[in-house]
Participant: 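Pasting a structure below so you can have a look.
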Protein chains: 2
Amino acid sequence: MDDLFDDLDRSSPVPLYFQVARQIEQAIEVGKLPPGSRLDNEIHLADRLGLSRPTMRRAIQQLVDKGLLVRKRGVGTQVVHGQVTRPVELTSLHDDLAAKGQQPTTKVLVHEVVPAPGEVAASLTVPEGSPVLHLRRLRFSADEPLAVLENWLPEPFTDLTASSLAERGLYQLLRSRGVGMRVARQRIGARRATAEECSLLDETRGSPLLTMERATHDDSGRAVEWGRHVYRASRYAFEVTLVDR
Amino acid sequence: MDDLFDDLDRSSPVPLYFQVARQIEQAIEVGKLPPGSRLDNEIHLADRLGLSRPTMRRAIQQLVDKGLLVRKRGVGTQVVHGQVTRPVELTSLHDDLAAKGQQPTTKVLVHEVVPAPGEVAASLTVPEGSPVLHLRRLRFSADEPLAVLENWLPEPFTDLTASSLAERGLYQLLRSRGVGMRVARQRIGARRATAEECSLLDETRGSPLLTMERATHDDSGRAVEWGRHVYRASRYAFEVTLVDR
DNA sequence: CATGTCGATTTGTCTTGACATATGCTTGAC
DNA sequence: GTCAAGCATATGTCAAGACAAATCGACATG
């Protein structure tokens with residue numbers, strides 16, 4: 001119980017509250033903090049680590065936001081019951097698959113710069129008719145078709161090459177160009193597959209597909225990407241964690 | 001620009017950071033702060049309102065978490081581009097429909113206390129075979145069938161009556177009993193409707209349905225509810241906002 | 001003209017200290 | 001024995017100040 005924490009590295013560029021949060025998270029993962037167990041109170045913990053209470057609070061808050069801990073005033077902080085959970089983050093399908101050890105591959109079906117149609121222009125908040133990069137990609141996981149990804153990107157991202165998109169994920173490419181993606185709004189629904197989608201995805205006629213529309217904004221508030229994706233329902237599902245504060 | 005803020009009520013039980021966040025949010029809604037506009041820096045704002053900087057920061061952070069604002073070090077805080085957004089919260093279908101002005105109605109199909117089957121027991125973290133309330137409800141919106149909701153609840157919630165469930169939503173009933181729901185983990189997928197679901201939901205054979213599994217935990221970390229819901233894809237979709245921090 | 005350096009600006013991180021308030025247990029009165 | 005008051009405990013809210021680090025524009029230098 002006492003050796004829950006390694007020493008902190010105050011010279012590291014990683015913030016202290018983040019280091020602490022990661023250590024608590026690991027303690028939960030390896031079972032040192034079983035579900036339902038209570039943490040020491042904030043002041044004790046802060047003392048033991050030589051931190052101020054706000055910093056300690058921030059570390060705990062980060063895990064509360066992730067859905068790993070719950071707090072109740074006058075009582076304390078406890079580990080949430082329930083099985084292992086991968087918290088939802090601002091990731092892409094490519095990221096998710098790579099993290100799971102699968103090796104996603106991509107086939108670029110459409111790669112063209114076109115004048116923005118009305119709906120796309122509205123979602124990206126660019127003038128109608130301004131040049132946008134239109135992408136349509138087929139994503140495989142373990143050599144099985146998984147999803148059809150259709151995206152539109154405004155200036156200055158219209159110069160992404162088809163070959164780079166075949167090699168790496170869209171989010172990866174954007175991040176390596178210094179784009180700081182911050183907010184994404186998604187709408188998740190379902191519908192039947194069209195005949196074309198069936199042949200692309202190796203599904204039978206009328207199979208149910210999971211659909212997602214997503215608009216992603218960067219740290220300046222500008223739209224970076226708008227997309228309409230369809231996933232094989234037989235092989236994919238979304239996981240979301242909601243936290244009330 | 002100067003009269004962005006009403007006076008704050010320091011005697012109110014509503015926290016100051018919350019009052020400030022609400023006022024900024026309203027300023028965005030009514031267009032006083034158009035998309036892309038920059039806020040004053042934190043120190044000025046805090047000064048003008050007679051607040052400390054941490055309190056001001058917390059107000060802003062709340063809106064960043066909601067996806068309304070983005071911050072960039074060395075630059076400032078800006079309003080996100082894009083259309084109006086309903087933030088995601090820990091709500092139920094009944095809440096959502098009621099908030100939209102629709103009047104949800106419910107028909108209780110199954111209402112029984114049974115020994116917890118294995119899968120249910122695992123999700124609720126109760127012993128297998130312990131008594132749980134098994135519910136199956138048909139939810140209507142504007143007299144149209146919308147979803148089939150199947151839920152299991154552990155002690156001490158097995159005494160909810162069928163008549164109260166026909167009148168009010170499950171989350172409403174739990175809240176009125178003092179249950180503080182904090183964390184919910186959802187898994188969203190899709191599949192074809194079964195023959196029985198078709199007749200209940202007035203859909204044609206093999207129609208695509210949106211599926212959701214959800215486990216809800218209270219502020220003590222205990223499981224409150226586990227459910228498996230199906231929605232008519234033709235009439236419902238999930239909206240999610242993701243924020244990277 | 002290109003490049004790099006410097007400085008002003010703004011958010012990010014961290015500390016110390018204080019008081020408020022919800023919770024649950026203990027204690028005491030009836 | 002039951003119920004209420006009170007107390008200890010823990011998180012929630014708020015303040016004031018300090019330094020770090022990223023960004024961007026202006027200016028100087030090659």
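By convention in this document, chain letters (A, B, ...) are assigned in the order of the sequence lines, proteins followed by strands, and residues within each chain are numbered from 1.
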Participant: Measure CD/B:Glu42 against P/D:dA15 and give the value in whole Å, please.
Facilitator: 14 Å
Participant: Respond yes when some side-chain nitrogen or oxygen of B:Thr55 is under 4.0 Å from OP1 or OP2 of D:dT13, and no when none is.
Facilitator: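 For D:dT13, OP1/OP2 do not have a side-chain N/O of B:Thr55 under 4.0 Å.
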Participant: If we only count heavy atoms from C-beta on, is the A:Ser164 to A:Leu173 side-chain gap below 4.5 Å?
Facilitator: yes
Participant: What I'd like to find out is whether the side chain of A:Leu124 reaches to under 4.5 Å of the side chain of A:Arg222, using heavy atoms alone.
Facilitator: no
Participant: Can you check the A:Leu69 CG to D:dA10 C1' distance for me, whole Å?
Facilitator: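 It is 15 Å, rounded to the nearest whole Å.
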Participant: Any heavy-atom pair between the side chains of B:Gln23 and B:Lys32 that's under 4.5 Å?
Facilitator: no
Participant: Between A:Arg10 and A:Arg73, who's closer to the 5' end of DNA chain C by nearest nucleotide?
Facilitator: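 Looking at the nearest nucleotide for each, A:Arg10 comes out on the 5' side.
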Participant: Is any side-chain N or O of B:Arg71 closer than 4.0 Å to OP1 or OP2 of C:dG12?
Facilitator: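 It does, given that an N or O in the side chain of B:Arg71 lies less than 4.0 Å from OP1 or OP2 of C:dG12.
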Participant: Whole-Å distance between D:dC14 P and B:Asp9 CG?
Facilitator: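 After rounding, the gap between these two atoms is 12 Å.
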Participant: Over all heavy atoms of both residues, which pair between A:Tyr171 and A:Met181 is shortest? Give the atoms and the distance, please.
Facilitator: O-CE, 3.8 Å
Participant: Looking across every strand, which nucleic acid part, if any, lies under 4.0 Å from A:Pro15 by heavy atom: base, sugar-phosphate, or nothing?
Facilitator: sugar-phosphate
Participant: Aromatic rings B:His134 and B:Trp152: how do their planes relate, parallel, tilted or perpendicular, breaks at 30° and 60°?
Facilitator: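 If you compare the ring of B:His134 with that of B:Trp152, the planes turn out parallel.
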Participant: Mark yes or no for a side-chain to base donor-acceptor pair under 3.5 Å between A:Arg58 and C:dG12, with no hydrogen or angle criteria applied.
Facilitator: no
Participant: Figure out the CG/P separation between B:Asp47 and C:dT10, and round it to whole Å.
Facilitator: 13 Å
Participant: Grab the CE-C1' distance between B:Met56 and D:dA16 for me, whole Å please.
Facilitator: 17 Å
Participant: In whole angstroms, how far is the P atom of C:dC14 from the CZ atom of A:Phe18?
Facilitator: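 Atom CZ in A:Phe18 sits about 12 Å away from atom P in C:dC14.
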Participant: What's the CD-P distance between A:Gln61 and C:dT13, to the nearest Å?
Facilitator: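 Checked: the CD to P distance equals 14 Å.
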Participant: Applying a 4.0 Å non-hydrogen cut-off, can you work out what B:Arg57 is touching in the nucleic acid: base, sugar-phosphate, or nothing?
Facilitator: base
Participant: Could you say whether B:Arg53 or A:Pro13 is positioned toward the 5' end of DNA chain D, judged by the nucleotide with the nearest heavy atom to each?
Facilitator: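 Final value for this comparison: B:Arg53.
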Participant: Would you kindly compare B:Lys72 and A:Leu16 by the position of their nearest DNA chain C nucleotide and give the one closer to the 5′ end?
Facilitator: B:Lys72
Participant: Rounded to the nearest Å, what distance is computed from the CG atom of residue A:Asn41 to the P atom of nucleotide D:dA8?
Facilitator: 16 Å
Participant: Taking OP1 and OP2 of D:dT11, is either one under 4.0 Å from a side-chain nitrogen or oxygen of A:Thr77?
Facilitator: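 Answer is yes, contact under 4.0 Å.
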Participant: Would you tell me if any nitrogen or oxygen in the side chain of A:Tyr17 comes within less than 4.0 Å of OP1 or OP2 on C:dT13?
Facilitator: yes
